[in-house]
Student: 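First, the structure itself, so that you have it in front of you.
Quick note on labels: first sequence line is chain A, next is B, and so on, each numbered from 1.
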Amino acid sequence: MVEEELDIYEPVYLLVRAVPIGKVVTYGQVAGMTEGVSLTARQVGTAMRFAPPGVPWQRVVGAGGTLPIAKRSPEMKSRQREMLEREGVIFLPGVAERVDMRQCQWMPDVDEQESLFGSE
DNA sequence: GATCTGACCACCG
DNA sequence: CCGGTGGCCAGAT
């Protein structure tokens with residue numbers, strides 16, 4: 001009896017909520033980190049679109065620190081950048097805006113991940 | 001229920 | 001650095 005098809009993205013939201021202020025993660029990173037659930041980066045994107053209140057979706061960026069949302073919604077992109085900068089995320093200068101991953105990419109320890117998913 | 005689309009990503013030129 | 005391409009698979013139509 002396992003009707004756990006309520007929210008397959010639950011682990012994603014759990015993980016994103018755990019991202020500290022001033023740090024970011026990439027879609028692909030989240031996809032790879034949520035072991036137990038087979039997800040692709042695209043699905044994480046979908047998950048963010050369905051992101052319920054309380055999930056800091058702005059802290060999820062594209063590979064290399066880009067803002068893939070810029071293509072679809074330039075306005076939202078600006079909003080995302082504002083929120084991130086307010087949280088202390090560093091943006092690198094250049095034509096295409098991108099986060100300074102070297103400093104701001106969140107890389108949780110195994111222990112932290114276990115805490116989140118309650119692994120043993 | 002088939003087809004198109006997409007808050008992605010790696011690869012190639 | 002930028003554009004195109006294929007693969008991914010859950011939503012939207």
Student: Without decimals, in angstroms, what is the distance between A/Ile8 CD1 and C/dA10 P?
Tutor: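 In whole Å, C/dA10 P lies 6 Å from A/Ile8 CD1.
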Student: Give the rounded distance in Å between these two atoms: CH2 of A/Trp57 and C1' of B/dG6.
Tutor: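 Atom CH2 in A/Trp57 sits about 16 Å away from atom C1' in B/dG6.
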Student: To the nearest Å, give me how far apart CD (A/Gln29) and C1' (B/dC9) are.
Tutor: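 Nearest whole value for this atom pair: 14 Å.
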Student: Starting at the 5' end of DNA chain C, which residue's closest nucleotide do you reach first, A/Arg42 or A/Phe50?
Tutor: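 In this pair, the answer is A/Arg42.
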Student: Hey, are A/Gln29 and A/Gln105 close enough side-chain-wise for a donor-acceptor pair under 3.5 Å?
Tutor: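 Note: A/Gln105 and A/Gln29 side chains meet the donor-acceptor criterion.
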Student: Distance check needed: C/dA10 C1' versus A/Asp7 CG, whole Å only.
Tutor: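 Going from CG in A/Asp7 over to C1' in C/dA10 covers 13 Å.
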Student: Rounded to whole Å, please give me the gap between CZ in A/Arg98 and P in C/dC1.
Tutor: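 Interatomic distance, CZ of A/Arg98 to P of C/dC1: 6 Å.
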Student: For A/Gln43 and for A/Val95, find the nucleotide of DNA chain C with the closest heavy atom, then tell me which residue's nucleotide is more 5'.
Tutor: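 Counting from the 5' end, the first nearest nucleotide belongs to A/Val95.
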Student: At what distance, to the nearest 0.5 angstrom, does CG of A/Leu39 lie from OG1 of A/Thr46?
Tutor: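 The OG1 atom of A/Thr46 is 9.5 Å from CG of A/Leu39, to the nearest 0.5 Å.
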Student: Considering just the side-chain nitrogens and oxygens of A/Tyr27, establish if one lies under 4.0 Å of OP1 or OP2 belonging to C/dC8.
Tutor: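 The answer is no; no side-chain N or O of A/Tyr27 sits under 4.0 Å from OP1 or OP2.
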Student: What integer distance in Å separates A/Tyr9:OH from C/dA10:P?
Tutor: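 Roughly 7 Å, once rounded to whole Å.
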Student: Roughly how many Å is it from CG in A/Leu39 to C1' in B/dC8, rounded to a whole number?
Tutor: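 Atom CG in A/Leu39 sits about 12 Å away from atom C1' in B/dC8.
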Student: Side chains of A/Val12 and A/Val16: does their closest heavy-atom pair fall under 4.5 Å?
Tutor: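 In short, these two side chains touch, coming nearer than 4.5 Å.
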Student: Return yes if the base of C/dG11 and the side-chain atoms of A/Arg49 contain a donor-acceptor N/O pair under 3.5 Å, otherwise no.
Tutor: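 Check fails, no donor-acceptor contact within cut-off.
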Student: Please give, in whole Å, the distance from B/dC8 P to A/Lys71 NZ?
Tutor: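 Those two atoms, NZ and P, are 8 Å apart.
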Student: Look at the side chain of A/Ala63 and decide which nucleotide, out of B/dC8, B/dA10, C/dC8, has an atom nearest to it.
Tutor: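 Taking heavy atoms from C-beta onward, the closest nucleotide is B/dA10.
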Student: Measuring from A/Thr34:OG1 to A/Glu10:CD, what's the distance to the nearest 0.5 Å?
Tutor: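 These two atoms lie 12.0 Å from each other.
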